[in-house]
Amino acid sequence: MKLRSVLTAVALVSGALFAPGFGALSGATDAQAVSKISHATATSMFRSSGITWSSSGGCSDRSNSTCTSFDQLNLATAQGAQTLKSASGCALNITGGTETGHASGTYSHWNGYKLDFAKATCLTNYVKNTFTYIGVRGDGAPQWKSGAGNVYADEGNHWDVTFYSCGGC
């Protein structure tokens with residue numbers, strides 16, 4: 001009986017060591033991988049949810065700051081916008097995506113974590129009445145945090161949203 005117990009214990013430990021995303025032998029990046037999507041995939045997702053987008057330059061070139069691009073957007077960011085649309089019931093218009101010209105950083109527009117939304121009464125009321133006020137950002141923008149951990153910064157003429165998750169998609 002003792003041999004069977006030892007073999008069972010060895011099997012359990014081996015399973016834990018080699019399980020994908022867990023154990024001592026898995027790569028740290030496995031659980032942290034971010035899925036990137038193309039501009040075409042993002043626009044298809046947004047269109048299917050009734051989300052609109054616009055750019056001052058009327059274009060989608062990622063290297064042009066007057067364009068609104070979704071190239072290299074995180075899948076969770078696009079899904080987060082869809083969740084926001086369905087949860088709020090508000091009309092959403094995206095005015096900023098992954099194009100150059102935004103502030104840099106790990107959780108930046110360029111890295112696919114942020115979208116800018118045009119200011120609208122419905123969206124403003126939803127954010128301020130649903131999420132938790134967490135104070136002002138370093139640049140003075142007031143911020144609210146959703147239950148999913150996403151952060152909504154009121155930049156005056158638009159909402160700057162950092163999507164850390166898809167918000168329950």
Side-chain angles (χ1 to χ4, degrees), residues 28-29 31-47 49-169:
T29 57
Q32 299 168 1
V34 176
S35 297
K36 300 289 187 178
I37 59 175
S38 68
H39 181 83
T41 298
T43 57
S44 176
M45 290 174 70
F46 296 148
R47 192 174 290 112
S49 295
I51 299 170
T52 60
W53 58 95
S54 57
S55 72
S56 58
C59 49
S60 61
D61 181 356
R62 189 169 195 235
S63 62
N64 183 336
S65 63
T66 65
C67 297
T68 297
S69 175
F70 305 123
D71 190 38
Q72 295 298 304
L73 188 69
N74 295 341
L75 175 61
T77 301
Q79 291 170 326
Q82 289 179 307
T83 300
L84 176 61
K85 168 70 175 163
S86 64
S88 69
C90 298
L92 298 180
N93 182 54
I94 301 170
T95 59
T98 60
E99 66 280 349
T100 191
H102 298 279
S104 61
T106 302
Y107 298 103
S108 64
H109 282 272
W110 183 260
N111 288 336
Y113 287 92
K114 288 187 168 210
L115 290 172
D116 288 340
F117 294 92
K119 269 295 195 61
T121 302
C122 180
L123 180 58
T124 296
N125 289 341
Y126 179 77
V127 169
K128 290 183 177 182
N129 294 325
T130 307
F131 303 142
T132 304
Y133 178 73
I134 58 170
V136 296
R137 204 167 57 184
D139 62 0
Q143 302 176 101
W144 286 260
K145 190 173 191 176
S146 74
N150 300 325
V151 176
Y152 293 70
D154 184 346
E155 292 192 348
N157 63 349
H158 68 275
W159 284 99
D160 176 76
V161 183
T162 307
F163 289 98
Y164 297 102
S165 76
C166 66
C169 61

A.B. asks: Identify the two heavy atoms, one from Ala42 and one from Phe70, that lie closest to each other, and give their separation to 0.1 Å.
C.D. replies: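 Taking Ala42 first and Phe70 second, the nearest heavy atoms are CB-CB, 3.5 Å.
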A.B. asks: Closer than 3.5 angstrom, by distance alone: can the side chain of Ser65 be matched with the main-chain N or O of Glu99 as a donor-acceptor pair?
C.D. replies: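 No, the answer is negative, given that no donor and acceptor are paired below the 3.5 Å cut-off.
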A.B. asks: Show the numbers, then the answer: is there a side chain to side chain donor-acceptor pair (under 3.5 Å) between Thr106 and Asn111?
C.D. replies: CA-CA 7 Å; Thr106 302; Asn111 288 336; 5.6 Å; no
A.B. asks: Quick check: does any side chain N or O of Asn74 sit under 3.5 Å from a backbone N or O of Gly112, one acting as donor and the other as acceptor?
C.D. replies: yes
A.B. asks: Determine which pairs satisfy side-chain hydrogen bond (donor to acceptor under 3.5 Å, both in side chains) with at least one residue from residues 77-92, sequence neighbours left out, and list them in order.
C.D. replies: Ser49-Gln82
A.B. asks: Look up atom OG in Ser44 and atom NE2 in His39, then write down how far apart they are to the nearest 0.5 Å.
C.D. replies: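 One finds 11.0 Å between OG of Ser44 and NE2 of His39.
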A.B. asks: Strictly distance-based, threshold 3.5 Å: is any side-chain N or O of Thr162 a donor or acceptor partner for the main-chain N or O of Asn150?
C.D. replies: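 No: the side chain of Thr162 does not pair with the backbone of Asn150.
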A.B. asks: Would the distance check show the side chain of Thr98 and the main-chain N or O of Gln72 forming a donor-acceptor pair, the cut-off being under 3.5 Å?
C.D. replies: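 No: the side chain of Thr98 does not pair with the backbone of Gln72.
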A.B. asks: Could you verify whether a donor N or O on one side chain and an acceptor N or O on the other, from Asp160 and His102, lie under 3.5 Å apart?
C.D. replies: no
A.B. asks: Please report the shortest heavy-atom distance between Phe46 and Ala81, naming the atom on each side.
C.D. replies: CE2-CB, 3.8 Å
A.B. asks: Distance check, rounded to the nearest 0.5 Å: Leu123 atom CG versus Leu92 atom CG?
C.D. replies: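 The CG atom of Leu92 is 6.0 Å from CG of Leu123, to the nearest 0.5 Å.
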A.B. asks: Write down the atom of Leu115, the atom of Gly97, and the distance for their closest heavy-atom approach.
C.D. replies: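 So the minimum-distance heavy-atom pair works out to CD2-CA, 3.9 Å.
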A.B. asks: Which residue pairs pass the disulfide bond (SG atoms under 2.5 Å apart) test with at least one member in residues 68-101, sequence neighbours excluded?
C.D. replies: Cys90-Cys122
A.B. asks: Please find the pair of heavy atoms, one from Arg137 and one from Asp139, that lie closest to each other, and give the distance.
C.D. replies: NH2-OD2, 2.8 Å
A.B. asks: Between Tyr133 and Trp144, does the ring centre distance come in under 6.0 Å?
C.D. replies: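 For Tyr133 and Trp144, the ring centres are under 6.0 Å apart.
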A.B. asks: For a quick test of reading the model, state the closest non-hydrogen atom pair linking Ser55 to Gly58 and the distance between them.
C.D. replies: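 Closest approach of Ser55 to Gly58, heavy atoms only: OG-N, 2.7 Å.
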A.B. asks: Between Ser69 and Asp71, do the side chains contain an N or O donor and an N or O acceptor separated by less than 3.5 Å?
C.D. replies: no
A.B. asks: Just so I know, are the side chains of Thr52 and Ile94 near enough to count as touching, which here means a heavy-atom distance under 4.5 Å?
C.D. replies: no
A.B. asks: If I compare all heavy atoms of Ala148 with all of Gly167, which pair ends up nearest, and what's the gap?
C.D. replies: CB-CA, 3.6 Å
A.B. asks: Is there a donor-acceptor pair closer than 3.5 Å between any side-chain N or O of Lys145 and the backbone N or O of Phe131?
C.D. replies: no
A.B. asks: To the nearest 0.5 angstrom, please state how far the CG atom of Leu73 sits from the NE2 atom of His109.
C.D. replies: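 Answer rounded to 0.5 Å: 10.5 Å.
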A.B. asks: Please list all pairs meeting side-chain hydrogen bond (donor to acceptor under 3.5 Å, both in side chains) that have one or both residues in residues 121-131, counting only residues at least two apart or in different chains.
C.D. replies: Thr124-Trp159
A.B. asks: Centroid separation under 6.0 Å, is that true for the rings of Phe117 and Tyr152?
C.D. replies: no
A.B. asks: Cation-pi check, Arg47 to Trp53: give yes when NZ or CZ is under 6.0 Å from the six-membered ring centre and within 45° of the ring axis, no otherwise.
C.D. replies: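 Because its charged atom misses either the 6.0 Å distance or the 45° angle limit, Arg47 does not stack over Trp53.
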A.B. asks: Taking the side chain from Thr41 and the backbone from Ile37, do they hold a donor-acceptor pair closer than 3.5 Å?
C.D. replies: no
A.B. asks: Apply the test side chain to side chain contact (heavy atoms under 4.5 Å, CB included) to residues Val151 and Ile134: give CA-CA distance (whole Å), side-chain angles for both, the deciding distance (0.1 Å), then the verdict.
C.D. replies: CA-CA 9 Å; Val151 176; Ile134 58 170; 4.2 Å; yes
A.B. asks: Is the closest side-chain heavy-atom distance between Ser54 and Asn93 below 4.5 Å?
C.D. replies: yes
A.B. asks: Quick one: does Cys59's side chain get under 4.5 Å of Thr66's, heavy atoms only?
C.D. replies: yes
